[in-house]
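Report on the structure given below.
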Amino acid sequence: MGLTDDATRSEAAWLNAAYELLCDSGVEAVKVMPLARRLGVARTGFYWHFKDRDALLEAMIHHWEDRNTGTLVARTRAYADTITEAVFNLFDCWLDETLFDARLDLAIRNWARNDAALQARLDAADAARQEAVTAMFARFGYPPAQASARALTMMYTQIGYLSMQIEEDRATRIANMPAYAEVFTGFAPTAPEIDRFFSRHAAD
């Protein structure tokens, strides 16, 4: 379905078009004229929303920080009776793009390789994620060294999954997650925990 004239001139439309270019072709492709062509509008419309290209790039980074890191940290703090239930809460991020945009995360990591300032923000984001996951394990009684090691194992596994661009159908990935939860925590999830996790992703 095509965008209306009003939609193509909205800030969200410019940002969404920029995200697609970033994920498909890298940050060098994110320029005003290609975005205008993609939206079918004059490039002057861009300047109603952004001072310049740098302002657009900053808006994209800020959105990534809020959506991916902010949401991931929040999921580690979600209510859970057991560590396996807490891990399932975090696994929601890997299955629900409204919580965590995996394509955007990979694009940001690729961009940061040639941008020292962004690399510093990525390092800070990774540190915040690690701290939150470590705190999640500590909350369930894991000693500090164990909590940190398990958190790092989880985070490195997910980063590797993104970087390797593993092709795996959704049903297979969901089916494997109870085993991953046991590997990461040392405890097998209960049948009710697995059922609740499967049920909230069954219709996705």
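Because the structure is predicted, anything quoted here is derived from the model rather than measured. Heads up: numbering here begins at 1 and tracks the sequence.
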task = Mark yes when over 12 heavy atoms from residues, nucleotides or ligands other than E58 sit less than 6.0 Å from its CD; otherwise mark no.
result = yes
inquiry  = So for atom OH, which belongs to Y47, do other residues, nucleotides or ligands contribute more than 12 heavy atoms lying within a distance under 6.0 Å?
reply    =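 Yes, the 6.0 Å shell around OH holds more than 12 heavy atoms from other groups.
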request  = Please step through side chain to side chain contact (heavy atoms under 4.5 Å, CB included) for the pair V87 and M154, ending with a clear verdict.
outcome  = CA-CA 10 Å; V87 166; M154 286 189 68; 4.1 Å; yes
Do [X] and [Y] have side-chain N/O donor and acceptor atoms under 3.5 Å apart?
| X | Y | result |
| --- | --- | --- |
| D92 | H201 | yes |
| T84 | E182 | no |
| Q130 | D126 | no |

Distance-minimising heavy-atom pair for [X] and [Y]:
| X | Y | result |
| --- | --- | --- |
| R103 | C23 | NH2-CB, 3.2 Å |
| L39 | A13 | CD2-O, 3.9 Å |
| T76 | R139 | O-NH2, 3.1 Å |
| A80 | F140 | O-CZ, 3.6 Å |
| T69 | A128 | CG2-CB, 4.2 Å |
| A147 | T134 | CB-O, 3.6 Å |

Worked verdict on T185 versus Y180 for side chain to side chain contact (heavy atoms under 4.5 Å, CB included) = CA-CA 9 Å; T185 66; Y180 289 139; over 6 Å; no
inquiry  = Check this for me, if you would: do D105 and R109 make a salt bridge, where the nitrogen-to-carboxylate-oxygen distance has to be below 4.0 angstrom?
reply    = yes
Transitively linked via ILVMFWY side-chain contacts under 4.5 Å: [X] with [Y]?
| X | Y | value |
| --- | --- | --- |
| Y156 | L122 | no |
| I159 | M177 | no |
| L118 | V30 | yes |

query = Can you name the one residue among L106, N110, L104 that meets side chain to side chain contact (heavy atoms under 4.5 Å, CB included) with I108?
reply = L104
To the nearest 0.5 Å, tell me how far [X] [atom1] sits from [Y] [atom2].
| X | Y | atom1 | atom2 | answer |
| --- | --- | --- | --- | --- |
| S25 | K31 | OG | NZ | 11.5 Å |
| R77 | L90 | CZ | CG | 12.5 Å |
| L95 | R170 | CG | CZ | 5.0 Å |
| I174 | F198 | CD1 | CZ | 7.5 Å |

Are any side-chain N or O atoms of [X] and backbone N or O atoms of [Y], one a donor and one an acceptor, separated by less than 3.5 Å?
| X | Y | answer |
| --- | --- | --- |
| Y142 | S148 | no |
| E193 | T190 | yes |
| R150 | F184 | yes |
| N68 | D101 | yes |
| R196 | E85 | no |
| R75 | N89 | yes |
| T71 | R67 | yes |

message = Between E65 and R121, does the side chain to side chain contact (heavy atoms under 4.5 Å, CB included) criterion hold? Intermediate values first, please.
response = CA-CA 9 Å; E65 289 171 331; R121 292 171 75 167; 2.9 Å; yes
key: Audit row: L35, L56, side chain to side chain contact (heavy atoms under 4.5 Å, CB included) steps and yes/no   = CA-CA 11 Å; L35 290 172; L56 171 65; 3.6 Å; yes
task = Decide if the gap between the ring center of H63 and the ring center of Y19 is smaller than 6.0 angstrom.
result = yes
request  = Could you tell me if the ring centre of W14 sits under 6.0 Å from that of F50?
outcome  = no
For the residue pair [X] and [Y], establish whether any side-chain heavy-atom pair is separated by less than 4.5 Å.
| X | Y | value |
| --- | --- | --- |
| N176 | R173 | no |
| I61 | W111 | yes |
| E11 | N16 | no |

ask   = Parallel under 30°, tilted from 30 to 60°, perpendicular over 60°: which one fits the rings of W94 and F100?
value =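 Plane angle over 60°, so perpendicular.
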